[in-house]
*Asks:* 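Sharing a structure here in structure tokens format.
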Amino acid sequence: RLEADSTLADRPFPRLTQLIRDRINANTGNLYTEIVEAVEKEMFIEVLQSTDGNISQASRVLGISRPTLRSKLQALGLSIERTATLENES
């Protein structure tokens, strides 16, 4: 039997633990997929923000190939918006 008597405060990611508990209580039939998608989505958003949307840099940080990252982003319904600004030469 797995000993799981620790409180949320003892867990490394208490919000994730609470999400898992909430989804279990909701009688989800697809817990694994729901949690993996939620974690991937948050991770990709944070990494892409930290790399200013640079797919090459983000894929290196994540340790996955650019095509894999693009595929995962598409599957999660995420897109990268890049904007260009021109500096006014005065």
Side-chain angles (χ1 to χ4, degrees):
R1 177 168 151 47
L2 178 64
E3 294 296 322
D5 293 335
S6 63
T7 65
L8 280 179
D10 297 333
R11 300 290 180 94
F13 303 102
R15 292 176 64 194
L16 177 59
T17 301
Q18 188 59 54
L19 173 62
I20 293 167
R21 289 178 181 175
D22 291 346
R23 298 309 305 145
I24 289 169
N25 290 334
N27 292 319
T28 183
N30 206 5
L31 178 65
Y32 179 82
T33 300
E34 287 181 21
I35 298 303
V36 168
E37 285 179 359
V39 170
E40 281 187 335
K41 193 170 191 175
E42 285 300 312
M43 178 176 54
F44 293 151
I45 289 169
E46 288 300 317
V47 170
L48 285 164
Q49 286 178 344
S50 74
T51 60
D52 293 323
N54 185 304
I55 290 283
S56 294
Q57 288 179 6
S59 65
R60 277 193 295 277
V61 169
L62 293 164
I64 61 177
S65 70
R66 286 180 297 142
T68 297
L69 177 55
R70 284 191 184 103
S71 174
K72 288 183 172 286
L73 292 174
Q74 185 177 15
L76 292 168
L78 297 174
S79 62
I80 299 171
E81 292 183 17
R82 300 190 109 197
T83 58
T85 58
L86 297 174
E87 293 186 25
N88 195 1
E89 293 183 29
S90 300

*Asks:* With a 3.5 Å distance limit and no angle check, can you tell me whether Asn54 reaches the backbone of Ser56 through a side-chain donor-acceptor pair?
*Replies:* yes

*Asks:* Under a plain distance cut-off of 3.5 Å, with no hydrogens placed, do Thr68 and Ser71 share a side-chain donor-acceptor pair?
*Replies:* no

*Asks:* Holding to side-chain hydrogen bond (donor to acceptor under 3.5 Å, both in side chains), I want the full list of residues that pass it with Thr33, two or more places apart in sequence or in another chain.
*Replies:* Asn30

*Asks:* For Ile35, enumerate each residue passing the side-chain contact (heavy atoms from CB on, under 4.5 Å) test, keeping only those at least two apart in sequence or located in another chain.
*Replies:* Leu16, Leu19, Ile20, Arg23, Leu31, Val39

*Asks:* State, with a plain yes or no, whether a side-chain heavy atom of Leu78 is found less than 4.5 Å away from one of Leu48.
*Replies:* no

*Asks:* Could you name each residue pair satisfying salt bridge (charged side-chain N to carboxylate O under 4.0 Å, His left out) that touches residues 53-77, not counting sequence neighbours?
*Replies:* Glu40-Lys72

*Asks:* Using every non-hydrogen atom in the two residues, find where Ala58 and Thr51 come nearest and quote the distance to one decimal.
*Replies:* CB-OG1, 3.8 Å

*Asks:* Could you give the distance from CD (Gln74) to CG (Leu76), rounded to the nearest 0.5 Å?
*Replies:* 10.5 Å

*Asks:* I need the minimum non-hydrogen distance between Leu69 and Ser59, along with the two atoms involved.
*Replies:* CD2-N, 3.9 Å

*Asks:* Return the CD to CD distance between Glu37 and Glu42, rounded to the nearest 0.5 Å.
*Replies:* 13.0 Å

*Asks:* When rounded to the nearest 0.5 angstrom, what is the spacing between CG in Leu73 and CD1 in Ile45?
*Replies:* 9.5 Å

